[in-house]
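Protein chains get the first letters and strands the later ones, always in sequence-line order, with residue 1 at the start of each.
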Amino acid sequence: MLFSTARTDSTSQPPARGLAMWIDLFWVFFKIGPATFGGGYAMIPMIEREVVERRGWIEQDEMNDLLSVAGSAPGGVGVNASAFVGYRMAGVTGAIAATLGITLPTFLIVFVLSLFYSLFHDQPKVQAAFQGIKGAVIGLIAVAAYRMGKSSLFDRTTMIVAAVALMILLLTGLNPIFLILSGLVIGLLIIRVKKALGLRIRTEKERGSGKDNTTYIEYYI
Amino acid sequence: MLLWQLFISFLKIGFVSFGGGYAVIPLIQHDSEQYGWMAAEPFRQTVSLAGMAPGSIATNSATLIGYQVAGIPGAAMATLGIVLPSLVLVITLAGLFYRLHGSQVVKSSFYGLRPIVTGLIAYAAIHFGLGSGWSALSELTTWLTLLIGAAVFVAIVRYKAHPLLVILGSAVMGIVLF
């Protein structure tokens, strides 16, 4: 049964090596954070290497499940995965230690960057470089949209839903939260209607060989 | 009061942030406009800054916006707000997640959710690319910035370039072009 260890840990007192485990969890994720340029998905291979290969905390099979759940739950995949691993290893306090570990370094780096920016943003060269970086961020967002689209727009229905969502965002001031919440319901409704009409039902893109595995994990939801 | 507003707003966003970082940008933008935290252009500056730092662009944006609205306490509250839902959901629902993950209900639900998340990310890209609106297309800077964006897209998708390398490269491009 998955999570049985974590459950006993969280209800009883943590084991004697609790403190060492918390420090370990904090440190593992503290190291991963600063190296993950390009968003959460960059963290996945590093988390796997540390948790499965180096420390042997979790078996590869369970790790795959854990990562796919972490990717589909709300929140950043990196933060979710660290909270999961922390909870799995040392209960609630473990989850907190791991989450702190992955959040703290980037929190500090963002500060240093913003300090640097506010000191030098009047310099023309810095402004020019920053304009270039803006272009890079547009590119990064476009890459995310492309990959998400590749794994989620695989039939006419999904394409129409995406197009309508985009139109609503561009043309109205609707709070995007409502779009997300309605998305959860729309899926259920469409599948029900399709079932009633006797249409073929496919809720996920058929996966080819494992070649594309990394990009798939990134946009798992 | 402002601290509380930041915390609640990002907490709310954290709970629905399916799809992680980039899909969350329109949500943050909406609240930022609604509460008058910052204008559109500073918002884009801030998110660009968040995008060049390591880690999730959503968490980084929360930190930076919190900081600019209410100093270091603001940064801490906003970051706590966006991270806390992950922690709470994992702790309370960890076992349930595993059991639900393969279920037909969740699969059907995500069938509708995924395209919407795609729409959100696409919107974030368009909003970022065009800045002040369609009129921005009359400016050379916009076109050159989009050109860098397109180069970055090709470099990552086609040539699997490392994001850090790409960010540094586009900073150099910026110095050359602008």
Side-chain angles (χ1 to χ4, degrees), chain A residues 2-3 33-34 36-40 69 73-77 79-80 83-84 87 92 95 99 103 106-107 109-110 113-114 117 125 128-129 131-139 141-145 148-149 152 158 161-162 165-166 169 175-177 179-180 183-184 186-188 191 203 221, chain B residues 15-22 26-27 30 48-49 51-57 60 63-64 79 83 85-87 89-91 94-95 97-98 101 107-109 111-116 118-119 121-125 128-129 145 148-149 152-153 156 163-164 166-167 170-171 173-175 178:
Chain A
L2 294 162
F3 276 75
T36 54
F37 288 92
V69 175
V77 63
V79 175
N80 287 347
F84 257 111
Y87 183 65
V92 174
T99 309
T103 313
T106 45
F107 186 82
I109 291 170
V110 164
L113 264 179
S114 119
Y117 180 71
K125 283 239 159 66
Q131 188 65 35
I133 288 168
K134 260 193 208 169
V137 172
I138 298 169
I141 302 175
V143 169
M148 185 76 209
S152 64
T158 46
V161 172
L166 182 60
L169 285 164
N175 191 335
I177 281 188
L179 273 181
I180 291 180
L184 289 165
I186 286 172
L188 289 170
I191 295 294
T203 53
I221 94 147
Chain B
F15 271 111
V16 295
S17 58
F18 293 96
Y22 299 107
L27 279 81
H30 182 273
S48 299
L49 210 53
M52 66 182 281
S56 153
I57 194 168
N60 293 347
T63 307
L64 282 176
T79 310
V83 172
S86 295
L87 201 56
L89 288 173
V90 166
I91 288 170
F97 270 140
Y98 272 103
H101 192 59
K107 280 191 178 160
S108 308
S109 208
Y111 176 73
L113 186 59
R114 265 188 236 112
I116 290 198
T118 310
I121 306 177
Y123 171 73
F128 247 79
T145 311
I148 294 178
V152 163
F153 183 89
I156 292 181
L164 178 59
V166 165
I167 290 169
S170 42
M173 288 268 283
I175 293 173
F178 302 112

For B/S17, check side-chain hydrogen bond (donor to acceptor under 3.5 Å, both in side chains) against everything at least two apart and list the hits. none
Toward chain A, the part of B/F15 with a non-hydrogen atom under 4.5 Å: backbone
For chain B, which of A/G76, A/P74, A/A95, A/A128 has the most heavy-atom pairs under 4.5 Å? A/P74
Residue from A/A142, A/A165, A/G33 scoring the most non-hydrogen pairs under 4.5 Å with chain B is A/A142
Any chance you could measure B/L27, atom CG, to A/L179, atom CG, to the nearest 0.5 Å? 9.0 Å
Select one option (side chain, backbone, both, neither) describing which atoms of A/I141 are under 4.5 Å from chain B's heavy atoms. both
Roughly how far, to the nearest 0.5 Å, is the CZ atom of A/F84 from the CG atom of B/L87? 11.5 Å
Atom of A/S152, atom of B/T118 and distance for their closest heavy-atom approach: OG-OG1, 2.9 Å
Considering only heavy atoms, which portion of B/M173 lies under 4.5 Å from any heavy atom of chain A: side chain, backbone, both, or neither? neither
Hey, which of B/G174, B/P26, B/G119, B/A122 has the most heavy atom pairs under 4.5 Å with chain A? B/G174
Least distance between heavy atoms, A/G75 atom then B/S86 atom: CA-OG, 3.7 Å
Using side-chain heavy atoms (C-beta onward) and a distance below 4.5 Å, is A/V137 in contact with B/M52? no
Among A/I186, A/I177, A/I109, the residue with the most heavy-atom pairs under 4.5 Å to chain B is A/I177
Out of B/P115, B/A124, B/A125, which one racks up the most heavy-atom pairs below 4.5 Å with chain A? B/P115
Assert top hit (heavy-atom pairs under 4.5 Å, partner chain B, pool A/L166, A/L184, A/T106) equals A/L184
Pick whichever of B/V152, B/V16, B/L49, B/L64 has the most heavy-atom pairs under 4.5 Å with chain A. B/L49
Contacts of B/N60 that satisfy side-chain hydrogen bond (donor to acceptor under 3.5 Å, both in side chains) - sequence neighbours left out: none
Give, as side chain, backbone, both or neither, the part of A/L188 having an atom under 4.5 angstrom from any heavy atom of chain B. both
Below 4.5 Å from any heavy atom of chain A, which atoms of B/L89 appear? Answer side chain, backbone, both or neither. side chain
Heavy-atom contact with chain B under 4.5 Å, split by part of A/T99: side chain
How far does OG1 of B/T145 sit from CD1 of A/I133, to the nearest 0.5 angstrom? 12.0 Å
Which one, A/V110, A/T103, A/N175, leads in non-hydrogen pairs under 4.5 Å with chain B? A/N175
